[in-house]
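Per chain, numbering begins at 1; letters A, B, ... match sequence-line order.
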Amino acid sequence: MPNVFKYSVPQRLLLLTVLHVGLGCVLWAISGGWSELFGYYFQYLGPAFLVSFAFLELAFSLRVQRAFQPGEELRRAWTLMAVGAAFRLLGVFVAHGWNPSNPVRNVGLFLSGPVQLAFACGGLTIVLRLYRRLGYSVKLTSWDWVLVTGCALLAVSGIVQNLITPSSGFFTDTLLCVLMFQAILLKRSVSQMGGGLVAACWTSYVYAVFLTALGDLGITFEVYYLTPAHLLPAGWLIWYPAAAAWSLGPAFLSEAVYLANQSAALRYGATLRPTNTSTASL
Amino acid sequence: MPNTIQLLLSTLLQRHPAPEVLQACVDRELTNLDNRIVRFHVRGCESCQEEMRSAQEVLEFLRLSDVSGTDVLDVRERIMLAMDAISGKQEEGIHEIRQLLGARGASRVVGGNPSPELQDELAAFLGCRAAKSLLQRMAA
């Protein structure tokens, strides 16, 4: 299976993520839960990371979207992904870019949350349809059905909870449940490709959805005081690999389109050299 | 001095897993200087197809590469190199497809030619422009 992280752009994104999360883990370990330095990490470095990666996600999504011509199946999918990425960038900037008031922060979180997820949902729907058309049949395992049932139950509980106590978190939870279902189907379709940059692209989105769902679960646990205080940073750190995964998807496909488009001279021309003898009729 | 088709046949004969199959064609070729039989064989023979598309394409490749020489061994060596290059080019094409679409896509490259399903998949996942550019390079 080809190593998709040998390509420079995804490699650098992954390296930056590992360094950033690694730094967070080190600060967490040496601070024993919380410290001023750890606070600066989340106050300054964290937002910078989130905004930068949201920007990269948008940039790569637009680049990939331009690679498709009007009328092509995935152009619409990538347009939706790019619009979602734009809302994510705006939302992350508004919520984390400076010290906003709570109402402003909530607007930012709404844009980078449910709004972006809704567009991602639309994009992944088109991708799943494409995989089915190309003959990538999906066979869910028993474990997949357990996850799907879990997602459905979470969605129903979210609806019931929202009837009791209306909140915007309901949109995120419901969309995440739908996205998790799509991610499971996508994972099964992609696994049949046997590697490659296209598979890496859609696998990144699968991880992005899973990590975002984990982050959302962390918030829920935090709100209901289910997480011990010394473990709270784990729920915050998860958002950085999630942000990286959202940007790696379009980065991989951008690399694939570039590879396919680059012109190359006849690679084998140099193996033959003309002789100086007179020409024989061939 | 045998012509290039004859040299090509004798080279194929050396590399063919069942040389007796080709022998009759080679004998006929050397006697009657008839190219049609060998071309017919090469097109239909899976083993020969694995190494090159047709004797005519190898000749075309040699002409484009400005191969010249009166020495039989020299031309024979060049045919071997051409066949290796085409085989290598096919391998490179398969490698490129594997990088993009994975093992399943690579398995759809047959004799250096991408199947219609693979072409459809390339166009669907990468866009028609990128797919066309890649397929043109593979066909070159």
Side-chain angles (χ1 to χ4, degrees), chain A residues 1-4 6-7 64-69 71-75 77-78 127 130-131 133-136 190-202 252-282, chain B residues 1 3-5 7-8 59-72 74-75 77-82 84-89 92-93 95-107 117-118 120-137 140:
Chain A
M1 198 175 294
N3 172 20
V4 291
K6 70 181 182 187
Y7 302 99
V64 173
Q65 188 258 359
R66 278 196 294 267
F68 292 86
Q69 292 169 331
E72 289 191 276
E73 224 162 334
L74 282 190
R75 184 173 167 100
W78 280 107
V127 173
L130 173 66
Y131 266 101
R133 179 179 78 69
L134 291 173
Y136 287 86
V190 166
S191 64
Q192 294 174 55
M193 293 185 93
L197 285 166
V198 171
C201 162
W202 301 114
F252 276 125
L253 204 70
S254 175
E255 199 79 31
V257 170
Y258 168 74
L259 271 179
N261 270 319
Q262 64 179 0
S263 61
L266 284 172
R267 292 180 186 83
Y268 46 86
T271 63
L272 294 177
R273 289 179 300 279
T275 64
N276 290 328
T277 55
S278 59
T279 305
S281 64
L282 291 180
Chain B
M1 134 91 181
N3 66 20
T4 307
I5 289 286
L7 286 168
L8 188 59
L59 291 177
E60 187 61 31
F61 174 80
L62 291 172
R63 273 194 286 274
L64 284 173
S65 304
D66 193 26
V67 172
S68 59
T70 54
D71 186 73
V72 170
D74 184 48
V75 178
E77 187 190 339
R78 288 171 190 282
I79 291 170
M80 298 277 280
L81 281 171
D84 281 338
I86 288 175
S87 169
K89 178 182 168 292
E92 205 160 332
H95 172 69
E96 210 162 341
I97 295 292
R98 187 176 286 117
Q99 282 185 308
L100 295 169
L101 293 182
R104 178 168 155 152
S107 69
E117 293 82 13
L118 177 60
D120 188 25
E121 211 167 298
L122 279 170
F125 280 123
L126 301 176
C128 289
R129 259 192 307 243
K132 192 177 169 186
S133 170
L134 177 62
L135 291 168
Q136 275 174 350
R137 274 210 317 283

Query - Most contacts with chain B, counted as non-hydrogen pairs under 4.5 angstrom, among L134(A), L253(A), V257(A) - result: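 When all of L134(A), L253(A), V257(A) are compared, L134(A) has the most.
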Query raised in the report: Using a cut-off of under 4.5 Å for heavy-atom pairs, which of R133(A), R75(A), E73(A) has the most such pairs with chain B?
Result: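 Looking at each option in turn, the highest pair count goes to R133(A).
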Report task. Please state whether the side chain, the backbone, both or neither of E255(A) comes within less than 4.5 Å of a heavy atom of chain B. Result ->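 Neither the backbone nor the side chain of E255(A) comes within 4.5 Å of chain B.
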Requested in this report: Using non-hydrogen atoms and a 4.5 Å limit, figure out which bit of W202(A) sits close to chain B: side chain, backbone, both or neither.
Outcome: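 Just the side chain, heavy atoms under 4.5 Å.
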**Report entry** Polar side-chain atom of E72(A) near backbone of C128(B) as donor-acceptor pair, under 3.5 Å
**Finding:**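 A pair under 3.5 Å: yes.
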Query raised in the report: Between E121(B), E117(B), K132(B), which residue shows the highest count of heavy-atom pairs closer than 4.5 Å to chain A?
Result: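 Winner by heavy-atom pair count: E121(B).
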Query - Atom of A260(A), atom of S133(B) and distance for their closest heavy-atom approach - result: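 A260(A) and S133(B) have their closest heavy atoms at O-OG, 3.2 Å.
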Report task. Please report the shortest heavy-atom distance between L100(B) and A256(A), naming the atom on each side. Result ->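 For L100(B) and A256(A), the tightest heavy-atom pair comes out as CD2-O, 3.5 Å.
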Requested in this report: Dump the intermediate steps for ring-ring contact (aromatic ring centres under 6.0 Å, His included) on F125(B) and Y131(A), then the final yes or no.
Outcome: CA-CA 9 Å; F125(B) 280 123; Y131(A) 266 101; 5.0 Å; yes
Query raised in the report: Are R129(B) and F68(A) in a cation-pi setup, meaning NZ or CZ lies under 6.0 angstrom from the ring centre and within 45 degrees of the ring axis?
Result: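 No, R129(B) and F68(A) do not form such a contact.
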